[in-house]
Every structure is written in structure tokens, then in C-alpha cells.
Amino acid sequence: MTISRGWMAGALAALCFSPGRAQADGLSDLTGLLSEPVVSTASKSVETANLSPATISVITAEDMRRHGIDSLDQAINFLAVGMIAEPSRATPEVGARGVLLSGDFGNHVLLLVDGHTLNEPWDGTAYYDRSAAIPMDLVDHIEVILGPGSVLYGSSAMLGVINVITKRAKDYAGFHVLADGAYPAAAHTALGYGKEFEWLGREGELTAGVDLSQSWGPKMAVGRQQLGDTTWGGDATHRSIGVPAGYLRLALGDLEVAVRGGISRRTATEMWGSFDDPQNWERDRWLSLDARWGTSLSPGLRVSLRVYGDLYDYLANDPSASAQECIDGEASCVFRNSGVSRWGGAESNGTWDWLKDGHYVTMAGVDARYRRVTSWSSYDAPASGRSTVVAPYDKGGALLGAYVQQTLHPTPWLSVNAGVRLDEDYQQQAHLSPRVAAVVPGWQGGTVKAIYSEAFRAPTFYERYYADATYEVAAPDLRPETERSVEGIVEQRIGAGRVRLGVFRTWWNDLVLQIPATAEQIAAAQAAGALSPGAANVVIYANTSRVDSYGLNGDWDGSALRQRLRYGAGVTLAHSRMAADGESTLLPAAAQVFGNARVSYDLGGRLPVLALAGRFVGPRPVSGTNFTPVPDAKSQVELRGAVSGPVVGGLSYRFAGSWALAGTAPYAVGPLRDPQPGFGAQTVLPLPRYQVLFGLRYDQ
């Protein structure tokens with residue numbers, strides 16, 4: 001592997017200036033330090049991962065290339081520690097360290113691209129497969145941070161923070177073209193370009209990429225179920241996901257501008273409404289702009305300013321041939337659900353190095369933004385031509401976050417990172433998010449970390465304001481979810497290898513879940529005209545539960561033979577329970593035991609790179625089922641092999657294949673209704689057990 005100049009410079013700086021690493025250690029530590037990744041997400045400043053105040057996995061583009069990985073969920077499952085992506089009905093759901101909150105659409109993990117937040121305010125949505133709409137060929141590395149991150153990022157950074165960092169032009173120079181084909185049917189093409197230049201006496205660079213992926217099927221058999229006066233189920237054949245995406249980053253001197261756009265359109269033929277209907281689909285669209293400027297005003301003072309703006313909209317089209325799913329006695333209808341988010345703001349921060357040697361550094365910043373959300377739903381009846389709009393709302397307001405962080409290196413054997421953030425939201429009271437971490441590089445190659453942190457997630461606009469006169473009541477008085485976490489980590493580096501063991505304990509309170517509405521809430525909504533008099537099975541979002549979790553995660557990684565051989569493994573063992581209404585239960589779809597392992601070898605020259613990776617997921621309760629008692633999904637073992645190498649000139653190839661032991665995921669499929677006589681209950685979501693892929697790439 002070729003180490004970029006930025007990473008090498010960071011490692012050499014760590015050799016010279018990091019506490020506990022004297023220059024006298026010399027070349028015996030140099031190999032390990034050059035293998036130590038340089039990160040920036042956990043504290044918004046450049047530091048080596050071993051001194052960062054968090055448990056971090058760094059997934060490089062080289063690792064993904066070797067193992068034939070080209071989506072976030074694959075990278076998380078095979079190359080990260082402590083985090084997992086479960087294949088769900090539409091897009092993967094993400095959990096960490098034994099906690100996965102099914103149906104949250106990724107809103108408990110903060111997803112960033114070059115530090116720009118992708119989670120939108122309507123429902124906190126962030127996707128982790130191709131629907132993330134990130135051109136993966138532009139990715140330089142991915143930083144996966146476990147645990148609370150609200151101290152610098154505010155809401156949603158509860159399970160962790162994932163920052164996708166794109167390539168600089170020096171590492172992506174020229175034109176790049178790639179095309180992949182896979183069975184079951186999938187296709188992927190991408191174009192990219194990178195160039196360094198000089199304009200008006202200033203150095204600049206441009207990187208850009210467009211990405212188009214499309215998958216069809218595979219055909220899946222779903223058990224037949226009774227839905228009112230119709231039959232639901234059979235063979236799902238109209239299954240597809242199409243995602244065009246683009247990203248451009250332009251830098252000139254101290255100014256940098258990035259633009260991202262994408263669309264994800266997914267059929268939902270096995271999820272709800274009319275079964276296997278190609279008009280049963282959902283669509284997301286994004287457009288993001290981020291402009292940042294930073295400069296050093298003096299040897300000890302650096303300031304930066306970032307201005308950003310985003311547009312996001314969601315639309316679901318859900319036809320149904322069942323009168324039970326429609327309103328006003330219509331025999332059939334099309335249900336549409338729309339959410340539109342617009343938000344923008346500015347973040348400014350300053351960093352003051354008191355002694356100009358990196359030992360006492362203060363960072364302070366302010367992040368102000370304005371958000372506006374418009375949402376509506378409708379029932380359209382093709383027979384009568386009538387359209388009934390329900391639950392329309394248009395809400396907006398400002399959010400202000402202010403944070404301060406102090407890093408101290410008072411002695412060679414101690415580093416301290418302490419900070420706090422105050423968030424003021426027009427929808428809720430002010431919220432404080434503290435973090436304090438002590439890092440002790442106590443012996444040769446060894447580091448001990450102790451971390452206390454807190455996080456929160458503000459309820460989304462959807463959770464607060466969505467209502468439907470047929471079954472759901474709005475909940476505008478929801479409180480934020482909160483989390484407290486303590487963590488201890490021991491890390492030992494031996495040459496180019498590293499062993500790490502961490503223990504954790506977390507407490508979650510005021511989790512927002514959808515529960516049956518009380519008689520008083522139903523009566524009040526009916527009196528206000530917000531709920532039909534005959535509404536049944538009425539639900540409402542509420543702060544109704546808490547989660548207690550503890551456990552350990554460990555990983556081992558390294559390289560040998562001049563980094564031609566690479567290896568790694570990770571495991572997480574957790575005990576996580578949700579408490580609500582006096583009962584303690586396992587979280588649906590949340591694995592308490594999972595891990596991965598990988599090895600690759602570069603044969604050198606024009607010979608191929610061989611790679612093998614595997615992952616294991618223990619049993620976990622099926623989510624969304626009407627079975628009593630709730631069954632466990634089968635344990636999963638998945639293997640992935642890849643071969644890649646050059647052909648001629650700038651042309652290269654890759655071949656990859658995967659195989660899964662279990663052909664189901666921990667999610668129930670079908671209408672959430674009681675089984676009817678003569679029909680089966682819900683079906684557990686089937687999955688393809690294998691896939692093969694072949695691709696070509698050309699770099700000019």
C-alpha cells in the first residue's frame with residue numbers, strides 16, 4: 001500500500017510530538033506509527049487514532065478495493081468493529097454494541113461526508129447502502145466512531161458518528177472509469193476525475209465523481225396472508241433499487257466548496273400495500289452545498305467558517321386494492337406520503353494553541369441553522385377521482401449550538417480531552433452534552449483510555465407532527481432521547497500490528513417509540529377533529545422506554561511482508577435490554593454477539609491481490625412480527641472472497657463472490673394484521689444467499 005503524504009506527515013508528527021513517544025524510541029516505533037491512522041472526526045482536529053477520545057475504526061479505500069466492497073453497509077460489516085448493518089425491508093438498519101433501534105431510518109447514527117451532516121430533520125433519515133448516494137470511488141477512508149458524539153455534533157450522534165472522507169486530487173489524478181455487473185442482477189458504473197492546478201497564484205484542486213447503480217430482484221417467495229378483503233403475498237418479482245449520485249469538491253487556496261446530489265428510488269413490493277405492484281415505490285432526493293474557509297491568523301490561532309445548505313424530499317407511492325387500507329369506503333386507493341426538508345446555516349470555530357507546541361489547545365465554536373419541514377399524506381381513489389389530504393403541516397425554526405473543547409498534554413504520560421456543547425432548539429429546552437476523556441500512553445506501544453460522554457437525539461418533525469385521522473395522533477410534546485456512556489480501552493501496538501480491548505456501559509432514557517394511544521388521548525384528538533370517530537388501533541409516539549447496555553469489543557489488525565499481507569478481526573459481546581411498562585426485553589433485530597475477520601495478500605507485480613473476509617452475527621429477535629412469543633432469527637455467517645489485479649496499461653479487474661449461511665433477515669414481512677383462518681402468519685424477510693460480481697476499471 002502507498003501511504004499518502006498527509007498520513008505520513010501526521011504519523012511523523014506523532015513520533016516527534018505525541019506525549020509518551022520520545023524520539024529516542026527511534027526506528028523501533030516508526031513502523032507502528034506509520035501504520036497508525038490519522039483521524040479528525042472525534043475531536044474535529046487532526047490526531048493519531050490511538051490518542052483520539054473514542055473507539056475508532058478507519059476503513060481505507062485500499063481495504064475496500066482489496067475485498068471488493070463498494071457500499072457503506074458492507075464496509076461496516078466486514079471492516080469495522082462494534083457497529084453492524086442489518087439488511088432490512090428497504091435499506092439496512094444500523095446498530096452498535098448491542099443496540100439497534102428498529103425502524104429508526106438511521107437517525108441514531110450521525111452520517112457525515114467530509115464533515116457535512118447528511119441526516120435530514122424531517123425523520124432523521126440516513127442510509128447506509130447504495131441509497132446513501134455517495135460515489136464510493138471518491139472515498140479515501142471512512143472513520144467509524146462508536147458511542148456518543150453530541151459534544152461536537154449535537155443531535156443524533158448517539159450510537160456513533162460515521163464520517164466519509166473523500167480523496168484529494170493528488171491521490172485521484174486523471175480520469176477514472178469503472179463498470180461492475182453482478183448476479184443476482186445488479187449493475188454499477190462510475191466516472192471520476194481529479195486534478196491539481198494553480199490559478200491567480202493560488203494552489204487549487206478539483207475532484208468529482210458520478211455514480212449510477214441499479215439492482216433488480218432477486219425474486220422472493222413471501223407467504224400468503226389475508227389483508228381485509230384481499231390476499232397479500234406470493235412471489236415478489238418487481239424488486240429494484242436505482243441510485244444516481246454525484247459529488248464535486250473544489251478547493252482554491254483557503255476556500256473549499258463541495259456539492260452533492262442524488263436520487264434513490266426503491267420498489268416496495270414486499271413491504272406494504274398491493275403486493276408485487278411495480279407502482280409501489282418510495283423515492284428520496286438530496287442536494288447539498290458546503291463552503292468552508294480556514295486560515296491561521298497567527299502561529300497559535302486558527303479560525304474557520306463553514307456555510308451550508310441542504311434540500312431533501314421523500315415521496316412514497318403505495319397503491320392498495322383493500323378497502324381496509326383506504327378511507328371513506330373506497331374499494332381501492334393510492335396512499336402517498338411526502339416529506340420535504342430545507343435547512344441551512346453557518347458554523348464558525350477557532351483553535352488557540354496557548355504554548356504553540358500542541359500541549360494546551362482550546363477550541364470553541366458556534367453552529368447556527370434554520371430548518372423548515374413540509375409534510376403531507378393523501379388517499380387518492382382512482383375510481384371516484386377523489387383525493388383526501390391528511391396530516392399536512394409546515395413547521396420551521398432555528399437551532400443554535402455552541403461548544404468548547406480543551407485538550408491538555410500536561411505530562412508525557414497523560415493526555416486529556418474535555419468538552420461540552422449547549423444546544424438550544426425552538427422545539428425543546430436547552431440541552432448540554434459533555435465529554436471527558438483521559439488517554440495514558442503508559443508503556444512502550446501501549447495506551448489506556450477512559451471516557452465519559454453524553455448524547456441526545458431531538459425528536460424528528462415526523463415523530464412530533466405526523467397524524468392520520470384513521471389511526472395516528474400527533475405528539476408535539478415529545479422530549480429528547482438521552483444517553484450516558486462510560487468506556488475503558490486498552491490498546492497495544494506491536495510493530496505494524498495492534499490489539500485493542502474495550503469495555504462499555506451505556507444508559508438510554510426517554511426513547512421515542514410508537515405505542516397505543518390512551519383513551520384520554522383518543523378522546524382529545526376526536527374532540528379536536530383530528531381523529532375519526534370510528535378510528536381503531538390508534539397509535540402515538542411517546543417517550544416510553546429506556547435501554548441498559550454493557551459489554552466489550554475487541555479487535556486485532558496489522559500487516560506483514562511490507563504490507564503485502566494484511567489481516568484483521570473484531571468481535572462485540574453485549575448485554576442490551578429495553579425496559580418499558582415494567583418489562584425488560586431484547587431489542588428487536590439487535591445482535592448481542594457479532595464480529596468479523598479478514599485477510600488479504602498482494603502477490604506483487606502484475607499478479608493479483610487475493611482477499612477473504614467473513615462475519616458472524618448471533619441470533620436476535622425478529623422485528624415487526626405478530627408471532628407470540630417473538631421468534632429469533634437464525635445466526636448468520638457470511639463469507640466474501642475477492643481477486644483483483646491489473647490487466648494492461650491503466651486497465652484492471654476485480655472478481656468477488658459472497659455466500660451466506662442463513663437466507664433470512666431478522667424482519668417480518670407483510671401487513672401487521674392478525675392471521676386469518678386458512679392463511680399463514682407473517683413471513684420472515686428472505687435474502688439471497690449468494691452473489692458473484694465482475695468489474696473492470698480504467699485509470700488514465
> Specify whether H108 and W508 have parallel, tilted or perpendicular ring planes, treating 30° as the upper limit for parallel and 60° as the lower limit for perpendicular.
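Judged by the thresholds at 30° and 60°, the geometry between H108 and W508 is tilted.
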> So, do L152 and R435 sit near enough that their side-chain heavy atoms are less than 4.5 Å apart?
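Side-chain contact under 4.5 Å: yes.
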> Please lay out, stage by stage, how N119 and T117 fare under the test side-chain hydrogen bond (donor to acceptor under 3.5 Å, both in side chains).
CA-CA 6 Å; N119 302 66; T117 299; over 6 Å; no
> Is it the case that R266 places NZ or CZ above or below the six-membered ring of Y127, under 6.0 angstrom from the centre and within 45 degrees of the axis?
yes
> Any donor and acceptor pair, going by atom type alone, linking the side chain of S150 with main-chain N or O of F456 inside 3.5 Å?
yes
> Decide side chain to side chain contact (heavy atoms under 4.5 Å, CB included) for S485 and R97; before the verdict, give the C-alpha distance in whole Å, the side-chain angles of both, and the deciding distance to 0.1 Å.
CA-CA 12 Å; S485 172; R97 300 198 291 201; 4.2 Å; yes
> Given the rule in the side chain to side chain contact (heavy atoms under 4.5 Å, CB included) test, do L146 and N553 qualify, once you have shown the distances and angles that lead to the verdict?
CA-CA 11 Å; L146 296 180; N553 46 252; 4.2 Å; yes
> For R689 and L661, indicate whether the former's side chain and the latter's backbone hold a donor-acceptor pair under 3.5 Å.
yes
> Hey, is the main chain of Q444 close enough, under 3.5 Å, to the side chain of Q492 for a donor-acceptor pair?
yes
> Would you find a donor on one side and an acceptor on the other, under 3.5 Å apart, between the side chain of R493 and the backbone of G445?
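No; judged by distance alone, with no hydrogens or angles, the pair does not exist.
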> Start with the C-alpha gap between H141 and T60, add the side-chain angles, then the distance that decides, and say whether side-chain hydrogen bond (donor to acceptor under 3.5 Å, both in side chains) holds.
CA-CA 4 Å; H141 66 282; T60 67; over 6 Å; no
> Does any N or O in the side chain of S156 come within less than 3.5 Å of the main-chain N or O of N107, such that one atom is a donor and the other an acceptor?
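It does hold such a pair.
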> Is it true that, when you exclude Y690 itself, more than 12 heavy atoms of the residues, nucleotides or ligands shown sit nearer than 6.0 Å to its OH?
no
> Using 4.0 Å as the upper bound for N to carboxylate O, is an ion pair formed by R498 and D555?
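Yes, D555 and R498 are salt-bridged.
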> Can you see which heavy atom on A613 is nearest to which on F78, and at what distance?
CB-CD2, 3.8 Å
> Under a plain distance cut-off of 3.5 Å, with no hydrogens placed, do E47 and S52 share a side-chain donor-acceptor pair?
yes
> Where is the tightest heavy-atom contact between A133 and P135, given as atom of each residue plus distance?
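Answer, listing the atom of A133 first, then P135: O-CD, 4.0 Å.
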> Which heavy atom of M158 sits nearest to which heavy atom of T482, and what is that distance?
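M158 and T482 have their closest heavy atoms at CE-C, 3.8 Å.
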> State the CD-OG distance between Q405 and S45, to the nearest 0.5 angstrom.
6.0 Å
> Could you check whether any side-chain N or O of Q214 sits under 3.5 Å from a backbone N or O of I241, counting only pairs where one atom can act as donor and the other as acceptor?
yes
> Is a salt bridge present between R598 and D557, judged by a nitrogen-to-oxygen distance below 4.0 Å?
no
> Looking at Q592 and S576, would you say the former's side chain and the latter's main chain have a donor-acceptor pair under 3.5 Å?
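Judged by distance alone, yes, a pair lies under 3.5 Å.
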> With rounding to the nearest 0.5 angstrom, report the CG to OH distance, D211 to Y247.
14.0 Å
> Under 4.0 Å between a side-chain nitrogen and a carboxylate oxygen: does that hold for R654 and D70?
yes
> Kindly determine whether H188 and L178 satisfy side chain to side chain contact (heavy atoms under 4.5 Å, CB included), including the steps that lead there.
CA-CA 8 Å; H188 168 230; L178 64 92; 3.5 Å; yes
> Can you tell me if K44 uses its side chain to pair, donor with acceptor, with the backbone of Y153 under 3.5 Å?
no
> For the pair R484 (side chain) and E454 (backbone), establish whether a donor and an acceptor sit closer than 3.5 Å, ignoring hydrogens and angles.
no
> On a heavy-atom basis, which atom in K167 and which in Y172 lie closest, and how many Å separate them?
CD-CD1, 3.6 Å
> Below 4.5 Å, heavy atoms only, C-beta onward: do L118 and R260 meet side chain to side chain?
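Yes, side chains in contact.
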> Return the minimal non-hydrogen interatomic distance between A611 and H67, and the atom names on each side.
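Shortest heavy-atom contact: CB-ND1, 3.5 Å.
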> For a quick test of reading the model, state the closest non-hydrogen atom pair linking A96 to L159 and the distance between them.
CB-O, 3.8 Å
> Working to the nearest 0.5 angstrom, can you tell me the gap between R697 CZ and Y653 OH?
15.0 Å
> Could you go through I451 and I489, starting from their C-alpha distance and side-chain angles, then the distance that decides it, and tell me whether this counts as side chain to side chain contact (heavy atoms under 4.5 Å, CB included)?
CA-CA 9 Å; I451 306 167; I489 306 162; 4.1 Å; yes
> Do the non-hydrogen side-chain atoms of E93 and L101 ever get within less than 4.5 Å of each other?
no
> Working to the nearest 0.5 angstrom, can you tell me the gap between I162 CD1 and M83 CE?
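Separation between the atoms: 4.5 Å.
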> Has E143 got a side-chain atom pairing as donor or acceptor with S40's backbone, closer than 3.5 angstrom?
yes
> Roughly how far apart are Y567 OH and S600 OG, rounded to 0.5 Å?
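Y567 OH to S600 OG: 11.5 Å, rounded to 0.5 Å.
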> Against R500, only a single residue in N50, V81, V490 fulfils side-chain contact (heavy atoms from CB on, under 4.5 Å); can you say which?
V81
> Hey, are the side chains of V593 and F616 touching, using non-hydrogen atoms and a 4.5 Å cut-off?
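The answer is yes, as the side chains (C-beta and beyond) meet within the 4.5 Å cut-off.
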> Rounded at 0.5 Å granularity, tell me how far OG1 in T572 sits from CD1 in I84.
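Here the rounded value is 8.5 Å.
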> Is the closest side-chain heavy-atom distance between S623 and P666 below 4.5 Å?
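A side-chain contact is absent here, since even the closest heavy-atom pair is not under 4.5 Å.
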> Indicate yes or no: at least one non-hydrogen side-chain atom of R640 is less than 4.5 angstrom from one of I69.
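When only atoms from C-beta onward are counted, I69 and R640 do touch, with a gap below 4.5 Å.
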> Name the one of V39, V439, T407 that satisfies side-chain contact (heavy atoms from CB on, under 4.5 Å) with L51?
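The side-chain contact (heavy atoms from CB on, under 4.5 Å) with L51 is passed solely by V439 among V39, V439, T407.
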> Does CH2 in W556 sit with more than 12 non-hydrogen atoms of other residues, nucleotides or ligands closer than 6.0 Å?
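Counting neighbours around CH2 of W556, 12 or fewer heavy atoms of other residues, nucleotides or ligands fall under 6.0 Å, so no.
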> Report yes if the side chains of T585 and V630 come closer than 4.5 Å at any heavy-atom pair, otherwise no.
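No - every pair of side-chain heavy atoms lies 4.5 Å or more apart.
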> Strictly below 4.0 Å, N to O, side chains only: are D140 and R168 in salt-bridge contact?
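Between R168 and D140 there is no salt bridge, as every charged N stays at least 4.0 Å from the carboxylate O atoms.
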> With side-chain hydrogen bond (donor to acceptor under 3.5 Å, both in side chains) as the test, would you mind laying out the steps for D114 and T166 before giving the verdict?
CA-CA 7 Å; D114 290 331; T166 60; 2.7 Å; yes
> Are the side chains of R577 and D548 in contact, using a 4.5 Å heavy-atom criterion?
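Sidechains of R577 and D548: no contact.
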